[in-house]
Asker: 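I'd like to ask you about the structure that follows.
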Amino acid sequence: MKSDELECGSEGLLSPPHTHQRTVLHLDADCFYAQVEMVRQPELRDKPLGIKQKNLVVTCNYVARSQGVKKCMWLKEAMEVLPELVLVDGSDLTHYRRFSTQISGVAQSLTHRVERLGLDENFIDVTDLVDEYMNTTGSSDIEGHVFGDKEPVSMDLVDPCGCGCRDRLVAGSLVAKQLREQILKETGITVCAARSIPGIGSATFSVLKDLGISTVQELQDVPLKLLRTKFDSKTCNRLKKVSNGIDETPVRKSGKAQSVGLEDSFTKVNSVAEVKVKYQILLERLLKLLKEDGRVPVSIRVSVRKFDLAKRFGHRETCQTPISSSLFPDGVNNVGENARASLMKTVMGLFQKMVDTSKDFHLTLIGVAFNKLIERVREGKNISSFFGKHTKEKTTETYKYTMDNGCKRLCVPLSPEKSCDGYESIREFEQISMDKLNDKTLLTSEPLDPILDLESTDCRRVDNTEAHHQSKYRISTLSRSKGSGPTVVPKSKIILILFSSRSGREHSLKAQHIEIGRGGRGRGASNFYHDRRVDDYGEDVFRVGRPSDYRQDPPIVQPLRVVGCYSVDEDRTFGHDRTVLKFIEPQYLTKEGKTKVNIDLNRGWGKNSPYTGLAEDSSINLYQWILNNSETLIDSDDTPTRLDVDFICMRRCLTLLMKIPYNVKEKWAMQAEYFRGTIYLVYYASPEELEQKKSDPPYMKKISIWGHKFEQFMTGGDPDEGVCANEEFRCVLKVKVDNFSCLLAPEVDGADPELFEEDFKDLSSFITVKCSKEVDTTDAFKVECFRKFKLHQWWIENKLSGIPRVVVGFRTEEGQIYRLENYDTDKLPTLAKGLWEPSVSLNILSSFLAFIKKKVMEAPEAVHRFERQSPIVIRHSIVPSVRGAAEGSIKVLPDWYREQLFSPSDQE
DNA sequence: CTGGGGACTT
DNA sequence: AAGTCCC
Ligand SMILES: Nc1ccn([C@H]2C[C@H](O)[C@@H](COP(=O)(O)OP(=O)(O)OP(=O)(O)O)O2)c(=O)n1
Ligand SMILES: [Mn+2]
């Protein structure tokens, strides 16, 4: 067998190992940062506590978890889930470092063989202690209990492989218990053990997912050949082994840190002065950390993260350089002014290497670290560095203990083998049952036999698990009744300890349903987008997905048909004619697409007349038009009972819906009402929104007027005359979105005089005109925003109307336009590649219309409200009816419309 | 419109 | 220096 092939022979995966020499404990602090804060401020203990870093709630205590707050949840979402959440800022890790060191210190008082992982995990090799214990205590005389006080060791737990590891397991569990008690005593922190499959992070997992692999079993089963198409043989081998419970990574003693650094993130820093201040602050803090460390740095590294919408986050640029040891003549305890200044100079020098400060820049993070540290030079001796010597140990195997709490299954990788530490496994068990269950295990179809009683074990007393009591996953009474008692089934070197009458085989298969993805971050609500399997929000919530969730199906075809048009004149008078239809000046419609112009939007300024109508006027006008033209909309001429459309609304509503996955921050509400076979949908402005509108800053009005002014230019109006914001020309359109037909009445700006035909049936001869602020092309952020939002908006509006092009006038801050650009509607998506996709917008529109229809038809008499409350939540509610009150805005349809539609008076 | 670290490998 | 893994 070739060495790079996976071993599967009798000595390979399918047989248990023969010698298990080590015993290793694996401790993990409970909700670490939160616990530290609760120890520091005991009054926080019974409150739901979240630890935040900027906009992220990085962890929270179990009170909060029991009420729906998750680790790594966005602050906003956490506050939505639990408004009473008490927040403590955890951006400064100083205290967490201190407690972490203390915890490891307790472990180190037992043995030097302690490996730290992050701030709250420790692997502790207690082989020597266990051996000692075993030597002084005859194997058969070992006192202690694997799974708590109630069950004697001599229970039927068999030695998995005959090497005696069962006894070491028992002894190890005693050490673990003492250690945890000691840690609690010295630091006030409770610990357990917890990990999922190591070595499969977000990158590996996303590749696996593409191969259709998301569970342990699938990884076990996947042909090596298929795996090899994506990974090198080493990785394949490791993945296969790890899926079978074999993890050969040795425990390494953690020496002193190899680097110590600090970071600060922000939404935007773009001046050197600001950068300097930020680095200065970081450096000062870092020197304090350095002082605690005691060693002298010989290399410094600075990092930046530049704003980049495409790469999002995670990409940092770094730059490092050696530091002269002469900077620290007296060690690191007291760093003089000169040394500090020199370090700052070095930092800024490295910074300038990464960022061209002569041009505009936009940073979202800076960091500085000492990435090489040496012990102080002793007088008369040679310089020598003492990096923690990590002598690799002989590889041994890791077991996964799989248990079952009656509800869900989980898989516990114990640290490198021999640990055989069932006690810690149980703690893991308890932990997972409270908050890791959803993303790390799968529900089994049937509940299995309950197995353990942790309530009455020492485990319970040692651990602070308030939420344990509330957890619906709590392990219930001990019952290993039926049949054979616990069985230990060696399967592919996974040892399954099962307390059940079922065959071990069956269980081992079920255990393989455990999901392998750790998913990197976003463990809780996952960056706006929650675990899709969990629906905590109920039937009345439409959960917004990622854009990719709407990408699958091809875009929906939508034939368009103009069924009529109408005008609104300067007095807001409604007319069934084309009096205000305008034509675009041919001089602006060049084929090249770009035109140089010189337009002053401020001409005739004093003569402009503002918009005097109300927001709901446009719907009212449409309803008026429908009453007058209902014959064009009915499907059969004998007994008109319904208009031949599913939805009637303004284009604005559909536009908002189509932006849902991308305009994550856009808040809105709409109301819908069912009447005679059709759903009427209108934008709903809350009282607060109306109030805010009143105090719109003047520049908003100016921009609006400029828009009209630009239209005036484009349609050949006299620039020295004022514009009239009241004038509108609207076309009534029928659009088919998936299976839903919608009636819209978008305003159209003007027609191409060369293409226009009197009896136009669609808007292919029309042109949209937009006035938009000139984009600063040196500002990547603004360019991306333009492509992501403006181009999207224009595409949607034109797509819904069937208008083939938009001519954009780019204005300066002062209202001057020097260039026009033509965009063909169908080419807009290409210009915005990677930022939005037509199929996504069309699919979300279709699925949300379906949601509206479903909700409205559940109560066809009621007025329904749909409100986007957060990036991921659009909530449906029924608006309480207000009898007799003059609450015009509460209703969707005016009474006169209800009375007149299909009534005889309409037939004249 | 996005924590704050750190270790190891390439 | 960047990427991947981990908390
Ligand atoms: N992506 C992450 C993961 C963890 N941590 C920090 C916050 C945690 O408090 C600490 C320990 O990580 P754990 O995954 O062990 O989480 P907790 O200890 O908070 O919770 P649990 O009780 O589930 O162990 O590390 C972090 O800042 N960022
Ligand atoms: Mn933890």
Side-chain angles (χ1 to χ4, degrees), chain A residues 27-29 31-33 50-59 71-77 89-94 96-97 100 115-123 194-207 231-232 234-235 238 249 252 254-268 282 285-286 289 301-305 307-321 350 353-354 362 364-371 387-388 390 392 518-529 662-665 781 784-785 788-789 835 871:
Chain A
L27 304 186
D28 178 331
C31 56
F32 183 53
Y33 292 3
I51 306 302
K52 65 160 227 166
Q53 287 169 328
K54 302 286 155 65
N55 291 321
L56 192 73
V57 174
V58 69
T59 192
K71 289 193 280 193
C72 290
M73 196 179 222
W74 290 119
L75 177 60
K76 219 174 162 188
E77 199 180 348
D89 190 284
S91 302
D92 187 337
L93 306 190
T94 307
Y96 313 138
R97 278 202 194 87
S100 175
E115 177 179 340
R116 289 161 51 82
L117 183 54
L119 288 181
D120 88 326
E121 278 186 51
N122 287 281
F123 298 91
R195 273 213 307 169
S196 170
I197 294 199
I200 302 179
S202 54
T204 310
F205 182 61
S206 87
V207 174
F231 302 98
D232 62 26
K234 224 178 112 190
T235 309
R238 186 176 55 80
T249 53
R252 290 148 160 258
S254 296
K256 286 197 160 183
Q258 296 175 28
S259 69
V260 43
L262 294 170
E263 283 178 350
D264 189 13
S265 73
F266 28 74
T267 45
K268 184 170 190 174
L282 285 189
R285 283 178 53 205
L286 191 56
L289 285 180
R301 167 155 62 200
V302 312
S303 53
V304 298
R305 185 176 67 199
F307 181 88
D308 184 340
L309 265 170
K311 282 189 223 141
R312 223 49 259 198
F313 67 99
H315 72 292
R316 288 159 166 75
E317 287 171 43
T318 65
C319 196
Q320 56 180 303
T321 189
L350 292 171
K353 278 193 184 180
M354 293 181 289
H362 177 166
T364 61
L365 175 144
I366 63 167
V368 53
F370 294 119
N371 58 329
F387 300 131
H390 303 303
K392 286 218 176 186
R518 297 169 67 96
R521 301 202 304 100
R523 304 183 288 176
S526 86
N527 316 349
F528 291 143
Y529 308 110
Y662 298 112
N663 295 43
V664 157
K665 300 218 122 185
F781 175 74
E784 298 282 6
C785 282
K788 179 160 186 186
F789 300 111
L835 298 175

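Each chain gets a letter, A, B and so on, in the order the sequences are listed, and its residues count up from 1.
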Asker: So what does L119(A) touch, heavy atoms closer than 4.0 Å: a base, only the sugar-phosphate, or nothing?
Answerer: nothing
Asker: Between the main-chain N or O of G90(A) and the side-chain N or O of Q53(A), is there a donor-acceptor pair closer than 3.5 Å?
Answerer: yes
Asker: Phosphate oxygens OP1/OP2 of dA7(B): is one of them under 4.0 Å from a side-chain N or O of S259(A)?
Answerer: yes
Asker: Where the side chain of R97(A) is defined as all heavy atoms beyond and including C-beta, which of dG5(B), dG3(B), dA1(C) is the nearest nucleotide?
Answerer: dG5(B)
Asker: I want to check one thing: is the phosphate of dG6(B), taken as OP1 and OP2, less than 4.0 Å away from some side-chain N or O of Q258(A)?
Answerer: no
Asker: Which listed nucleotide (dG3(B), dG5(B), dC6(C)) is nearest to the side chain of L56(A)?
Answerer: dG3(B)
Asker: Whole angstrom is fine here: how far is it from CZ in F32(A) over to P in dG5(B)?
Answerer: 14 Å
Asker: What nucleic acid atoms does V260(A) come within less than 4.0 Å of, heavy atoms only: base, sugar-phosphate, or nothing?
Answerer: sugar-phosphate
Asker: Between R305(A) (CZ) and dG5(B) (P), how many Å, whole number?
Answerer: 13 Å
Asker: Tell me which nucleotide among dA1(C), dG3(B), dC6(C) gets nearest to the side chain of N55(A).
Answerer: dG3(B)
Asker: Check the distance between dG3(B)'s C1' and D92(A)'s CG and give it to me in whole angstrom.
Answerer: 13 Å
Asker: Is any side-chain heavy atom of L286(A) closer than 4.5 Å to one of F370(A)?
Answerer: yes
Asker: Please check the phosphate of dG3(B) (OP1 and OP2 only) for any side-chain N or O of K52(A) closer than 4.0 Å.
Answerer: no
Asker: Can you find a side chain N or O atom of R316(A) that sits less than 4.0 Å from OP1 or OP2 on dG3(C)?
Answerer: no
Asker: Heavy atoms under 4.0 Å, any strand shown: does A369(A) hit a base, just sugar-phosphate, or nothing?
Answerer: nothing
Asker: Answer yes or no: does a side-chain N or O of S91(A) lie under 4.0 Å from OP1 or OP2 of dG4(B)?
Answerer: yes
Asker: Just how far, in rounded Å, is C1' of dG3(C) from CZ of R301(A)?
Answerer: 12 Å
Asker: Report yes or no: does Q320(A) contribute a side-chain atom to a donor-acceptor pair with the main-chain N or O of R301(A) at less than 3.5 Å?
Answerer: no
Asker: Roughly, in whole Å, what's the span from NZ in K71(A) to P in dG3(B)?
Answerer: 19 Å
Asker: From CE of M354(A) over to C1' of dA2(C), roughly how many Å is that when rounded to an integer?
Answerer: 13 Å
Asker: Expressed in angstrom and rounded to an integer, what is the separation of R116(A) atom CZ from dG5(B) atom P?
Answerer: 14 Å
Asker: Can a donor-acceptor pair be found, under 3.5 Å and without considering hydrogens, that links the side chain of R116(A) to the backbone of S100(A)?
Answerer: yes
Asker: So G261(A), base contact, sugar-phosphate only, or nothing? Heavy-atom distance under 4.0 Å.
Answerer: sugar-phosphate
Asker: Can you check the E121(A) CD to dC6(C) P distance for me, whole Å?
Answerer: 11 Å
